[in-house]
Every structure is written in structure tokens, then in C-alpha cells.
Amino acid sequence: MALLNIRKFPDPALKDPAKPVANIDGGLTNFIESMVQTMYAAPGVGLAAPQVGDSRRVVVLDTDHQNPGKKLLRLINPKVVAAEGSVIWEEGCLSVVDYTADVKRAARVLVRAWTPEEKEIEIEADDLLAVALQHEIDHLDGKLFIDRISRIKRELYRRKLAKLIKEGKADGQRPSSVRI
Ligand code: NI
């Protein structure tokens, strides 16, 4: 199965809000499997369709890379239906090279979604999974975590990225950070 190409900021595909999936078919489930392989290969704990240039509301997540597949989620049209508390988490993203930042999110969320087996499910999440679900659903709305930090921090990142691109070093990732 071919790996998909992960778009990087400032690729305009990352800004497009994705459209709800109206029909789950074989083409979609094959695409979702390609997303899963791409996420593990990256490696990242989550991947949203707009990150691979596809404008459908689909995300995949696995917060436990020690046991790949055990906690794997394939979600179609995911939606946060309840949220409470707040948490600050240092986030990274497969689409944002060489950068992490503290982002404020809800500490606990209840997410409703469809699976490729056409079952409607609810996921109660806290900790990394809660953060990752909100981060991925943001991708579906055309938002990156750097849209949730201060303007000055975002501007400093833009400058840093421009410098890295000029020096030909923009493909490095911080290995220690969790990329969502
Ligand atoms: Ni991301």
C-alpha cells in the first residue's frame, strides 16, 4: 500500500475545511488504510485527511505506539459533543516542521463518529487522546495548532521556517516531541 504525501505548513490544502462523508464505500475504506500506514510510518499519533490533501472528514489515531493497532481509531465525521476542563499540552504536528508549542485544550471530551463498518460510536477521552482528538478535528476545520498560539509566537515560527527553508534544513522534526 502506497504511503500518502503529508502536506506541510504553509500548504493551502491545510486551510480548507473538509466536507462530511455522505457514503462509506470501498474506496473510502482503502483510503483510510493508506492513512493508517502513513501515520505509523511518519510516525505520528494521528493524521487527518486534509493533511494528505483530501477534503473529507476522516481522521485516524493511535496514541499507543508500543502496541500498534490496539488503540487504533478510524473515525468518519468525528464531532466533539461535550467537553470539560482545560489542559495545556505541548503539541507538535506532522504538518508543522521543527516546532512545538503549548496549546490550551479541553481536558476531557466526548466525541461521536462513524467507523468504516458504518457503526456510530462515542469515545470518552482524556489525556493525550483528548488532545489528539481535538487537534485532528481542528485539521478538519482547516486549523493548525499554530492558529491557537499567540500571533507573535506564530510570526516567530514563520520567520524560523523561512530561514530553515533558505538553508535547506526544513525537513527536520524534533524527534522527542509527539506529533499529532
Ligand atoms: Ni496535526
Side-chain angles (χ1 to χ4, degrees), residues 3-21 31-65 68 71-80 83 86-107 109 111 113 123 125-151 153-158 160-161 164-165 170-180:
L3 296 181
L4 304 165
N5 180 34
I6 299 177
R7 309 293 183 94
K8 309 276 165 47
F9 172 82
D11 190 312
L14 297 166
K15 294 223 118 192
D16 272 350
K19 290 168 202 70
V21 172
F31 168 67
I32 292 174
E33 290 321 301
S34 299
M35 283 181 65
V36 168
Q37 300 311 319
T38 303
M39 172 182 71
Y40 285 132
V45 305
L47 187 69
Q51 291 182 274
V52 291
D54 187 288
S55 194
R56 286 178 285 187
R57 298 188 79 84
V58 173
V59 306
V60 296
L61 300 113
D62 192 341
T63 51
D64 183 8
H65 279 219
K71 291 187 179 171
L72 174 62
L73 292 170
R74 303 170 178 90
L75 305 178
I76 298 163
N77 299 343
K79 202 174 179 177
V80 175
S86 73
V87 67
I88 291 175
W89 201 281
E90 186 184 353
E91 294 187 24
C93 177
L94 294 172
S95 294
V96 179
V97 297
D98 291 295
Y99 193 65
T100 60
D102 285 347
V103 180
K104 194 175 170 190
R105 303 272 186 190
V109 290
V111 168
I123 304 146
D126 60 7
D127 210 64
L128 174 60
L129 182 58
V131 170
L133 283 163
Q134 293 168 84
H135 177 115
E136 297 313 331
I137 293 170
D138 264 4
H139 275 302
L140 301 181
D141 295 329
K143 249 185 225 157
L144 298 174
F145 78 90
I146 51 173
D147 296 316
R148 293 190 176 276
I149 61 177
S150 70
R151 281 179 70 176
K153 279 192 190 158
R154 192 162 54 245
E155 191 48 41
L156 288 172
Y157 173 63
R158 276 181 197 278
K160 179 184 157 176
L161 182 63
L164 287 171
I165 288 171
D171 51 358
Q173 296 274 4
R174 290 192 190 183
S176 60
S177 68
V178 173
R179 288 173 291 150
I180 313 178

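In each ligand, atom 1 is the first atom listed, and ligand 1 is the first ligand listed.
- Between I123 and P78, every side-chain heavy-atom pair lies at or beyond the 4.5 Å cut-off.
- Expressed to the nearest 0.5 Å, how far CD1 of I180 lies from CG of L47 amounts to 12.0 Å.
- Looking only at side-chain heavy atoms (C-beta outward), V97 and L161 come within less than 4.5 Å of each other.
- In this view, R74 and E33 satisfy the side chain to side chain donor-acceptor pair (under 3.5 Å) rule, not counting sequence neighbours.
- In this structure, R179 and H135 have side chains that are not in contact, with every pair of non-hydrogen atoms separated by 4.5 Å or more.
- Going from atom CZ of R56 over to atom CG of N77 covers 11.0 Å, rounded to the nearest 0.5 Å.
- Of all protein N, O or S atoms, those under 2.8 Å from the Ni ion (ligand 1) number 4.
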